[in-house]
Each structure stands twice: as C-alpha cells, then as structure tokens.
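Please see the structure below; I have some questions.
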Amino acid sequence: MTASTANLKITWEKLPDDFILDEEPVENIDQPLLAAALREILEIAGLILTGILVAPNMGICATLNGKLVIKAPDWFYARNVQPLSSQEIRRSYTPNLEGEIPAIVMEFLSASPNDEYSSKQTYPPGKWFFYEQVLRVPIYALFEPAAGVLEVYQLDSSGKYEVQPPDLNGRYWIAGVGLFLGVWQGTKAERTGYWLRWWDERGEMLLWGAEMVERERQEKANVQQRADRLAAQLRAAGIEPEA
C-alpha cells in the first residue's frame, strides 16, 4: 500500500523474514517495568481482545521514499491487527498492511539525549516526524518517569501535533483505547516512583493484579471485623451467637 504526504512517498511493505533487526538494549530498567504495568492493567480488565496489539519496544515499519524506516516506541496500542499463524512470531508491525495505525505511541524519557522530539526529515527521520508525518499516529505521549511529567500530543486538523491540556483530575482521554491515562505515584514490585495508569470513563482507577488481591483480602477482613463486633454485642446482651 502507498500513500503520499507532501513530498513523501510512504509505502507499507512487510518486513522480510530474514531481515536482521537491531537489538538495541533499553536505556534503563524502568522502561520495561512501566510498559509491563500498562499492559497488565488492560489484560486484567479484559481489554486486550482479539485484534488488539499492545507491544513494548517493537519496531513499527514504513518505507519512506524507498527506504525502510523502523522505529520502536517504548509502548504502543493498535486495533484490528491481523493474527499470525501459530508457527509465526511477531517481530515487527507494519501499519495499513497488518492492521490499523497505532491509536497511541508512548516514549519514556531518560536523562540521556534522545530523539523523541526530533522533527528531522532526512533519513533516518526523527521519531516526532515519523509518528506525526509518516505514521500519523493520533496521540503521542511522552513520559518522564523521574519527574512524573506526562505530555500528550494529538494530531490537529492540519496534521500537526498539538499539546493537550489534562482534565481537572490531571488525566487525558485516549479515545482509541477508551480510557483515561494519567500519572500515579507509589510502589509496584521493586520500584517506587511515578507510573502511568489507566482510569475508566467513571474515573475509577483500573487495578493491577496485586492490588486486586489486596482489595479482596481487605474486604474479607472488613467482613470478619463486622461479624466479630456483632458477636461481641450479642454476647454483651446475654445472647450467644450461632456458630
């Protein structure tokens, strides 16, 4: 499939099976933890259905003016993705050929120089240019974990990214996912700090698995405490509660 944007010729071609992808290590341990936490919430809530691809650090491919471009965002979400056969392993993703353009891509910023804000058009293009002008991803999110700062950009009517203001709760509605995205501070597993989390339309925060277990434990403890208080009140009134 081919599309043209200004002087760009964009072709969507399947990555050859023998293509050797660059195995670039992630910049720090926070990035895979943040990505896994975002996915876990969706998985537990039953929101990763057939045809939905949620992937961290996976290459998204496009051929720009005859040259293959691959960018691997720290996290992305795409719909209507064609399933692979049981013998295949997904190594990359080519939008418009294998499924829809991602509804959102995210980058987790580190202290080192990066190209998440780069609008460089010459080959290889910067990430900002690639997501905005080549892929035309509706929402681009940039998260700085150390400071807990989240920036959300949305394509405007002119096809340029425009920074979005958060709502009164400091969250952003991600239409392609159907949830609010925001920053939460706390501890999960071995990491204490700022995290990205999802909230539903009612403003209820979707929980991680450990949180659901803890909530269930606390609810059982509350029920037992109420039962113990009632039993104590009955005994004080000279009534022996039934076992």
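Computation of the quantities below employed the complete heavy-atom set of this structure, encompassing side-chain atoms and omitting hydrogens, waters and symmetry-equivalent molecules.
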Starting at CH2 of Trp195, measure out to NZ of Lys188 and round the result to the nearest 0.5 Å. 6.5 Å

Parallel, tilted or perpendicular: ring planes of Trp128 versus Tyr161, cut at 30 and 60 degrees: perpendicular

Looking only at heavy atoms, which two atoms of Val137 and Ile101 are closest? And how far apart? CA-CG2, 3.9 Å

Report the distance from atom CH2 of Trp199 to atom CD1 of Ile174, rounding to the nearest 0.5 Å. 11.5 Å

For Pro125 and Asp115 the tightest heavy-atom approach is O-OD2, 4.3 Å

How long is the straight-line distance from OG1 of Thr11 back to CG of Leu68, given to the nearest 0.5 Å? 10.5 Å

Between Tyr93 and Arg91, is any side-chain donor less than 3.5 angstrom from a side-chain acceptor? no

For Arg191 against Asp30, the heavy-atom pair lying closest together: NE-OD1, 3.0 Å

Smallest heavy-atom separation, Ala175 atom then Ile139 atom, equals N-CD1, 4.5 Å

Tell me yes or no: between the side chains of Glu107 and Tyr131, is some donor less than 3.5 Å from an acceptor? yes

What closest approach, in Å, do Gly209 and Glu40 show between heavy atoms, and which atom pair accounts for it? N-OE2, 2.8 Å

Value for NZ (Lys71) from CZ (Phe129), rounded to nearest 0.5 Å, stands at 11.0 Å

From Arg197 atom CZ to Leu206 atom CG, the distance as rounded to the nearest 0.5 Å: 8.0 Å

Do Glu151 and Tyr117 have a side chain donor and acceptor closer than 3.5 Å? yes

Hey, is NZ on Lys67 packed in by over 12 heavy atoms from elsewhere, all under 6.0 Å? no

When rounded to the nearest 0.5 angstrom, what distance separates CD1 in Ile60 from CD in Glu98? 11.0 Å

With Trp198, the side chain to side chain contact (heavy atoms under 4.5 Å, CB included) member among Leu207, Leu47, Leu181: Leu181

Tell me if the aromatic rings of Tyr194 and Trp184 count as close, with their centers under 6.0 Å from one another. no

Taking NZ, NE, NH1 and NH2 as the nitrogens, is one of them in Glu132 or Arg136 under 4.0 Å from a carboxylate oxygen of the other? no

Please report the shortest heavy-atom distance between Pro102 and Pro138, naming the atom on each side. O-CD, 3.2 Å

